[in-house]
Amino acid sequence: MAVYLDCEFNSFKGRLISMALVLTDGAEFYAVLPLPADVHPWVQEHVVPYLVKEPEEEATFRARLRMFLLKHQPGPIYADWPED
């Protein structure tokens with residue numbers, strides 16, 4: 001089954017802020033990482049207000065993502081931007 005991926009970063013080539021995966025069977029993964037101290041002004045205005053989940057530590061994020069991928073064994077990944 002296909003995976004649709006979207007990520008948010010702290011500006012172009014900045015740190016990962018959030019990741020969302022949606023599979024064609026309807027399964028979803030969404031995670032928000034702690035914001036860096038130097039959040040880009042554009043990101044602060046246009047991204048941060050829409051992060052609808054509390055941040056989690058990177059280790060927790062990685063573990064949850066790993067479990068999600070192992071459980072669903074997704075196929076091709078589609079993203080709207082190459083860096084995603």
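Computed from a predicted structure; not experimentally measured.
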Point to revise | Flag, side chain of H40 to backbone of W42, donor-acceptor distance under 3.5 Å | key: yes
Check your understanding: For the atom pair CZ (R66) and NZ (K71), what is the distance rounded to the nearest 0.5 Å?
Key -> 15.0 Å
Study note, to complete from the structure: For F61 and L33, the nearest pair of non-hydrogen atoms, with its separation, is CB-CD2, 3.6 Å
Revision key, fill the gap. Distance col, row D6:CG vs D80:CG, nearest 0.5 angstrom, shows 5.0 Å
**Study point:** Flag, side chain of E8 to backbone of S18, donor-acceptor distance under 3.5 Å
**Key:** no
Review point. Is V3 reachable from F68 through a run of I, L, V, M, F, W or Y residues, each pair having side-chain heavy atoms under 4.5 Å apart?
Key: yes
Check your understanding: Counting N and O atoms only, with roles assigned by atom type, does the side chain of N10 sit under 3.5 Å from a partner on the main chain of V43, one being a donor and the other an acceptor?
Key -> no
Check your understanding: Going hydrophobic residue to hydrophobic residue with side-chain gaps under 4.5 angstrom, can you get from M19 over to V48?
Key -> no
Exercise for review: Of all the heavy-atom pairs spanning Y30 and R64, show the shortest one and how long it is.
Suggested key: O-NH2, 2.8 Å
**Study point:** Shortest non-hydrogen separation from Q44 to P49 and the atoms involved
**Key:** O-CD, 3.2 Å
Check your understanding: If Ile, Leu, Val, Met, Phe, Trp and Tyr residues are connected whenever their side-chain heavy atoms lie under 4.5 Å apart, and connections chain through other members, are V32 and V39 in the same group?
Key -> yes
Revision key, fill the gap. When every non-hydrogen atom of Q73 is compared with those of L70, the smallest separation belongs to CG-O, 3.4 Å
Point to revise | Linked, directly or transitively: F9 and V47 (ILVMFWY side chains, under 4.5 Å) | key: no
**Study point:** Test item: L21 and L69 side chains (from C-beta on) under 4.5 Å apart, heavy atoms
**Key:** yes
Review point. Looking at L23 and P74, what are the two nearest heavy atoms and their distance?
Key: CD2-CB, 4.3 Å
Check your understanding: Within a strict 4.5 Å, meaning less than it, do heavy atoms of the L16 and C7 side chains meet?
Key -> yes
Review point. What orientation do Y4 and Y78 show, parallel under 30°, tilted 30 to 60°, or perpendicular over 60°?
Key: parallel
